[in-house]
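Side-chain atoms are counted along with the backbone in the values below, which use heavy atoms only and exclude waters and symmetry mates.
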Amino acid sequence: MELSYGMLKKLLKLVVGFGLLSAMLLGTAQSNVHFYDFVVKESNFTKLCNTKSMLTVNESFPGPVIRARKGDTLYVNVYNQGTYGVTIHWHGVKQPRNPWFDGPEYITQCPILPGTNFTYQVLLSSEEGTLFWHAHSDWTRATVHGALVILPAEGKTYPFPEPDAEQILVFASWYNDDVMELMKVDLHLGGVDTFSDAHTINGEPGDFCLCSKETTFRMSVDYGKTYLLRIVNTVENVNMFFAIADHNLTVVGWDGSYVKPLVSSYIMITPGQTMDVLVTANMSLGQYYMLASPFFDGVGDDFDKSIASAIFQYNGNCTPPSSPVYPTNIPGFDDIGAARDYTTRLRSLASEKHPVDVPQNVSTRMYITVSIQMMKCPNDSCVGARGNRMATGLNNISFADPDMDILQAYYRNISGYFETNFPDKPPNFFNFTADDLNDRQCHPRRPGDEGEIHPMHLHGFRFYVVGTGAGNFNNVTDPLTYNLVDPPEANTVPVPKKGWATIRFVANNPGVWYMHCHFDKHMGWGMDTAFIVKNGGTKESSLLPPPASMPPCGPDSLHGLRQSSLQSRLQKQE
């Protein structure tokens with residue numbers, strides 16, 4: 001008998017009271033269980049003097065915050081009342097042996113169709129700090145996202161002094177137009193510019209944008225108190241600098257793990273990254289701008305230059321200035337040195353209570369080029385250089401969504417939906433970071449780095465960023481610079497402009513796990529792949545069986561109505 005979500009919810013609440021949940025139902029360590037309902041639907045919002053309808057969860061932008069403790073289990077029932085298929089990804093959650101609920105469209109599941117629902121089981125394990133959830137279908141992440149706060153386990157504390165209060169800050173992109181329509185135009189024409197119209201902090205563009213000053217987000221603080229800022233960057237296609245005027249920031253967490261306290265006047269955060277930051281209200285009573293300002297190191301000058309603002313506002317009797325204090329310490333749009341200096345100073349906490357386990361003996365090595373290229377269009381009909389279309393790739397392979405999710409095809413041994421011959425090195429070696437590389441990009445299918453930071457995100461794992469540097473990677477000299485003692489542990493790594501980054505992880509989580517650039521336009525153009533991690537030799541190291549209620553592979557937002565490939569094949573087998 002298959003239990004409905006409502007029946008399961010009632011049953012689990014009864015069982016939890018007797019402490020029998022893990023043994024009877026989940027097979028995981030005993031933990032608290034949380035239930036959430038997400039209603040995905042179109043809602044009206046007004047920004048920049050413009051009212052539009054956009055996809056949201058529970059009619060909020062950003063979406064609802066999920067709070068849990070380390071090791072807890074979440075059940076999130078997603079009701080799709082929108083017009084597109086949608087999925088939800090639990091960004092940074094490893095989901096041990098449980099990829100069925102990871103969420104990326106056509107990787108671990110097909111979309112939740114309009115008018116249907118699907119319940120996600122989210123297994124928290126070693127994650128602690130701030131993560132987030134977001135839609136993982138097409139470009140719907142732009143409006144469907146929210147923070148995921150993971151507190152220390154019961155009886156445990158932070159590895160830093162308890163803050164007096166905390167505040168979530170979510171950075172996002174605002175488009176006056178429908179993002180799905182923009183995506184269709186972009187993919188049809190092969191790379192047309194689709195810039196956002198503003199950036200937002202907690203849904204508000206702030207003082208420097210039209211029709212926005214009255215709704216600017218304000219954070220009220222008391223003099224002398226210390227606040228934990230949980231910062232999430234879910235901006236679509238650009239990195240962000242963040243600073244608070246006249247206040248130092250102390251970074252204590254990155255991507256759901258702790259780091260050695262790093263004092264800085266600013267941070268640089270890429271899409272897909274989260275940061276935990278302490279700030280003490282120790283300046284004169286008044287108002288101070290908090291700014292989220294773009295960092296763009298790509299070719300040309302084509303990006304949304306809008307600066308999102310919020311106000312760090314002291315409580316108490318004082319005469320506020322005519323305008324909040326403006327940060328003089330925030331780097332410029334193209335300050336590559338400031339971005340690089342910040343990211344290279346991050347280190348894991350590496351303490352007795354929060355140890356690191358950096359792999360020392362590597363059994364498998366991969367050399368992957370991250371590139372933006374051109375692909376030939378019939379009759380030079382696209383908008384890219386020489387009539388070609390923009391395409392992205394890893395080791396000269398541009399990913400294309402299959403008709404059925406890879407995980408089901410792999411689990412049921414159905415051929416034709418993926419290949420297992422991804423190369424462990426590029427097909428040709430040359431200077432991938434050469435200054436004249438942009439001219440070479442007009443040659444179809446030639447690999448190379450465009451010269452822009454690419455935030456690469458890996459599902460199902462937390463990895464150690466053991467090294468980063470400029471120029472082509474040298475496999476003799478560059479490993480000598482690796483940090484194998486206290487490298488930061490993350491789920492998203494910024495691969496620097498005209499440079500390289502090295503990550504290490506142990507492939508101990510069976511399943512199919514997505515790896516992709518967290519710029520949605522680059523992911524849509526093909527800068528992605530999937531790792532298939534095979535079962536170990538025991539039940540405890542093997543993939544969990546699929547739930548009975550996986551969404552069928554049917555209509556989706558790009559290709560229109562079609563029959564479910566999986567259902568068709570299973571019917572033929574019967």
Side-chain angles (χ1 to χ4, degrees), residues 34 36 38 40 55-58 60-70 72 74 76 78 86-95 101-105 120 122-137 139-151 166-174 199-203 217 228-240 242 251-259 267-277 292 308 455-462 489-494 514 516-520 523:
H34 308 267
Y36 294 88
F38 278 12
V40 181
L55 204 63
T56 62
V57 168
N58 297 353
S60 61
F61 173 69
V65 176
I66 289 181
R67 291 183 180 273
R69 290 192 177 274
K70 181 177 179 179
D72 286 356
L74 314 174
V76 185
V78 177
V86 71
T87 65
I88 303 293
H89 169 54
W90 316 96
H91 185 107
V93 178
K94 292 191 295 186
Q95 290 278 43
F101 301 100
D102 187 47
E105 184 179 57
Y120 287 91
V122 185
L123 303 180
L124 303 179
S125 54
S126 63
E127 305 87 4
E128 187 173 336
T130 305
L131 296 174
F132 69 115
W133 58 265
H134 62 81
H136 215 307
S137 41
W139 288 6
T140 50
R141 174 173 67 86
T143 58
V144 179
H145 57 252
L148 170 55
V149 174
I150 306 173
L151 301 171
E166 66 176 50
Q167 176 64 59
I168 293 171
L169 300 177
V170 178
F171 305 157
S173 303
W174 171 265
H199 300 112
T200 62
I201 298 177
N202 287 357
F217 176 76
L228 173 60
L229 306 180
R230 298 184 179 274
I231 302 175
V232 175
N233 186 3
T234 187
V235 169
E236 285 289 280
N237 296 307
V238 72
N239 312 292
M240 305 300 283
F242 173 77
V251 184
V252 293
W254 175 20
D255 281 4
S257 64
Y258 296 117
V259 297
I267 68 169
M268 194 285 286
I269 183 168
T270 70
Q273 286 187 318
T274 57
M275 301 278 177
D276 291 330
V277 178
M456 299 302 297
H457 173 53
L458 176 60
H459 294 219
F461 294 93
R462 304 182 56 75
E489 189 179 14
N491 61 64
T492 303
V493 58
Y514 202 25
H516 61 92
C517 180
H518 225 275
F519 290 158
D520 271 10
M523 182 176 67

Practice task
List for me each residue that meets side chain to side chain donor-acceptor pair (under 3.5 Å) alongside R462, sequence neighbours excluded, and say none if there are none.
Solution key: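 Only S257 meet the side chain to side chain donor-acceptor pair (under 3.5 Å) criterion with R462.
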Handout entry: Residues which pass side chain to side chain donor-acceptor pair (under 3.5 Å) with T200, listed by chain and number, not counting sequence neighbours
Key = none
Heavy atoms only: give me the nearest [X]-[Y] pair and the separation to one decimal.
X	Y	answer
V86	S137	CA-OG, 3.3 Å
N202	I168	ND2-O, 3.0 Å
P494	T270	CB-CG2, 3.7 Å
Y120	G103	CE2-CA, 4.3 Å
N233	M240	ND2-CG, 3.8 Å
K94	S126	NZ-OG, 2.9 Å

Centroid separation under 6.0 Å, is that true for the rings of [Y] and [X]?
X	Y	result
H145	F61	yes
F242	F171	yes
Y514	H457	no

Handout entry: Trace of the side-chain contact (heavy atoms from CB on, under 4.5 Å) decision for V251 with D276
Key = CA-CA 6 Å; V251 184; D276 291 330; over 6 Å; no
Answer yes or no: is there a side-chain heavy-atom contact under 4.5 Å between [X] and [Y]?
X	Y	value
I88	V144	yes
V78	V40	yes
I231	I269	yes
H34	I66	no
M275	M268	no

Practice task
Could you tell me the separation between the CG atom of N237 and the SG atom of C517, rounded to the nearest 0.5 Å?
Solution key: 8.5 Å
Practice task
Calculate, to the nearest 0.5 Å, the distance between atoms CG and OH belonging to N58 and Y36 respectively.
Solution key: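 The distance works out to 11.5 Å.
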Exercise for the section: Could you tell me whether E166 and R230 have a side-chain N and a carboxylate O separated by less than 4.0 Å? Expected result: yes
Short side-chain to backbone donor-acceptor contact, [X] and [Y], under 3.5 Å:
X	Y	result
E128	K70	no
Q95	V93	no
T130	T274	no
T234	A172	no
T87	H136	yes
D255	N491	yes

Problem - Counterpart residues, salt bridge (Lys or Arg N to Asp or Glu O under 4.0 Å), relative to D520 (two or more places apart) - result: R141
Handout entry: Residue list, salt bridge (Lys or Arg N to Asp or Glu O under 4.0 Å) with D102, at least two apart or on another chain
Key =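 For D102 there are no salt bridge (Lys or Arg N to Asp or Glu O under 4.0 Å) partners, ignoring immediate neighbours.
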Exercise for the section: Go through the steps for V238 and H199 under the test side-chain contact (heavy atoms from CB on, under 4.5 Å), then give the verdict. Expected result: CA-CA 10 Å; V238 72; H199 300 112; 3.5 Å; yes
Practice task
Could you list the residues that satisfy ring pair (Phe, Tyr, Trp, His ring centres under 6.0 Å) with F132, not counting sequence neighbours?
Solution key: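 Testing F132 for ring pair (Phe, Tyr, Trp, His ring centres under 6.0 Å), a comparison that skips the adjacent residues, returns H91, H134.
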Problem - For F217, all residues meeting ring pair (Phe, Tyr, Trp, His ring centres under 6.0 Å), sequence neighbours excluded - result: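 Ring pair (Phe, Tyr, Trp, His ring centres under 6.0 Å) check on F217 returns nothing, list empty.
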Problem - Derivation of the side-chain contact (heavy atoms from CB on, under 4.5 Å) call for L169 and V232 - result: CA-CA 6 Å; L169 300 177; V232 175; over 6 Å; no
Exercise for the section: Please work out whether the ring planes of W133 and W90 are parallel, tilted or perpendicular, with thresholds of 30° and 60°. Expected result: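 W133 vs W90 ring planes: tilted.
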Handout entry: Chi angles and distances behind the side-chain contact (heavy atoms from CB on, under 4.5 Å) call for F519, V235
Key = CA-CA 8 Å; F519 290 158; V235 169; over 6 Å; no
